[in-house]
Number of protein chains: 2
Amino acid sequence: MSKLSSELDQAFRAAALRPTAQRYAVLEFLAEHRVHATAEEIFDAVNRNDPRASRATVYNNLRALAKAGLVREVMSEGKAARFDANLRRHHHFICERCSAVEDISWFDLPPSAGRAALGGRNVTNYEIVFRGSCVRCRDSKSKQGAKS
Amino acid sequence: MSKLSSELDQAFRAAALRPTAQRYAVLEFLAEHRVHATAEEIFDAVNRNDPRASRATVYNNLRALAKAGLVREVMSEGKAARFDANLRRHHHFICERCSAVEDISWFDLPPSAGRAALGGRNVTNYEIVFRGSCVRCRDSKSKQGAKS
DNA sequence: TCTAAATATAGACCGTGTCTAAATTGAGCT
DNA sequence: AGCTCAATTTAGACACGGTCTATATTTAGA
């Protein structure tokens with residue numbers, strides 16, 4: 001049994017989720033492809049090999065995995081939600097020209113930041129969303145922005 | 001002519017947007033209701049009185065106004081985009097129990113923050129998204145979270 | 001093996017947003 | 001004012017992302 005699969009098994013057990021073939025395939029895809037995949041991309045990828053999974057199952061499992069903390073839904077400006085198995089905390093950068101979403105490695109806010117502005121709210125997490133031009137778009141001067 | 005309407009007129013002129021009745025109604029609604037309204041809410045509000053505006057027009061104008069910087073689209077976890085005429089920069093707080101979105105008054109990141117992590121990207125803007133329990137949910141001990 | 005609960009499935013359905021083609025309106029010109 | 005062209009508005013069809021439903025299957029555990 002590979003390192004990855006035993007890790008996933010353990011993750012399932014810890015989260016009290018039944019390790020079904022479909023659920024396994026979804027999580028495996030996200031663990032192997034540390035990109036911000038849309039539900040549709042995950043659906044397609046899973047259905048290229050057995051086991052197949054219906055669209056509803058993919059969504060069910062993404063929600064279940066997110067609730068269990070094994071995956072997280074990434075904010076995205078566009079319409080399609082994106083998911084990410086990178087559980088190390090990180091910030092995000094959104095390119096306003098080509099809409100790419102990139103991970104920014106984690107750094108903490110100074111502990112006092114926003115203390116007053118946050119009032120009595122109980123903050124359990126935060127992330128910073130940066131916007132601007134990614135390296136590729138910055139270098140291409142075209143008004144249209146770089147295409148991938 | 002009211003203070004608000006002359007301000008809006010001036011904003012239109014500055015942005016080189018024709019001050020049509022529909023466009024005016026959309027911007028006026030957002031200026032008067034500093035909430036995070038969805039396009040649907042704006043559509044409904046505008047169509048309660050003259051002038052009417054079709055759905056396409058509401059969307060066209062929201063996009064035009066956003067491009068002109070008079071309005072901004074607020075990230076939201078859910079599906080429906082939300083718009084905001086609060087042009088003062090602010091951060092956001094999302095309650096994980098009741099999904100409320102609240103504005104957090106602006107504070108800057110230390111100028112050096114993330115310098116290394118951001119690499120060569122050209123950052124033009126950023127915001128911090130905090131998550132946790134809002135004051136109401138924090139006080140209600142129920143597992144379900146407070147309802148409004 | 002048997003049972004109950006969790007999960008998977010196909011496909012209908014719904015909300016949000018975009019597109020199209022035609023009608024209207026606004027701004028500048030004479 | 002009348003003319004002209006580009007910007008804007010409109011209704012409704014359409015596309016996409018995601019949810020729901022009813023049924024079938026699988027899993028865990030006794």
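Below, chains carry the letters A, B, ... as their sequence lines are ordered, and counting in each starts from 1.
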Legend entry - Rounded distance (nearest 0.5 Å) linking atom OG of Ser133(A) with atom CZ of Arg121(B): 11.5 Å
Inset, instruction - Kindly say if Thr20(B) contacts the phosphate of dT9(D), meaning a side-chain N or O under 4.0 Å from OP1 or OP2. - result: yes
Legend entry - Among dG26(C), dT9(D), dA28(D), the one nearest Pro19(A) by side-chain distance: dA28(D)
Legend entry - Presence of salt bridge, Arg63(B) and Glu73(B), under 4.0 angstrom: no
Legend entry - Considering all heavy atoms, the nearest Leu17(A)-Ala68(A) contact: CD1-CB, 3.9 Å
Inset, instruction - Could you tell me which nucleotide pairs with dG2(D) by Watson-Crick or G-U wobble geometry, both distances under 3.5 Å, or answer none if nothing does? - result: dC29(C)
Legend entry - Given Arg88(A), His92(A), His91(A), the one that forms side chain to side chain donor-acceptor pair (under 3.5 Å) with Asp103(A): His92(A)
Inset, instruction - Nearest whole angstrom, please: distance from the C1' of dG17(C) to the CD of Glu73(B). - result: 11 Å
Legend entry - Atom pair distance, as rounded to whole Å: OH in Tyr24(B) and C1' in dT8(D): 18 Å
Inset, instruction - Please name the pair of heavy atoms, one in Asn49(B) and one in Ala45(B), separated by the smallest distance, quoted to 0.1 Å. - result: OD1-O, 3.9 Å
Inset, instruction - Among dT10(D), dT27(D), dT16(C), find the nucleotide with the atom closest to the side chain of Ser54(B). - result: dT10(D)
Legend entry - Whichever of Ala21(B) and Arg23(A) has its nearest DNA chain C nucleotide further upstream toward 5': Arg23(A)
Legend entry - Check: Arg52(A)/Asn47(A) side-chain N/O donor and acceptor closer than 3.5 Å: no
Inset, instruction - Fit a plane to each ring of His33(B) and Phe29(B), take the angle between them on a 0 to 90° scale, and name the class: parallel (under 30°), tilted (30 to 60°) or perpendicular (over 60°). - result: parallel
Inset, instruction - Indicate, with a heavy-atom threshold strictly under 4.0 Å, whether Ala64(A) touches base, sugar-phosphate, or nothing. - result: nothing
Inset, instruction - Using only side-chain N and O atoms of Gln22(B), determine if any of them is under 4.0 Å from OP1 or OP2 of dT25(C). - result: no
Inset, instruction - Using whole Å, report how far CZ of Arg52(B) lies from C1' of dT25(C). - result: 19 Å
Inset, instruction - Give the rounded distance in Å between these two atoms: CG of Leu27(A) and P of dT7(C). - result: 14 Å
Inset, instruction - With a 4.0 Å heavy-atom cut-off, tell me which residues in residues 55-62 of chain B come close to DNA chain C, sorted by residue number. - result: Arg55(B), Ala56(B), Tyr59(B)
Legend entry - Interatomic distance where CZ belongs to Arg18(B) and P belongs to dC5(D) [whole Å]: 14 Å
Legend entry - Between C1' of dG12(D) and CZ of Phe43(B), the distance in whole Å: 12 Å
Legend entry - Atom pair distance, as rounded to whole Å: CZ in Arg13(B) and C1' in dG26(C): 14 Å
Legend entry - For atom CZ of Arg63(B) and atom P of dT16(C), their distance in whole Å: 17 Å
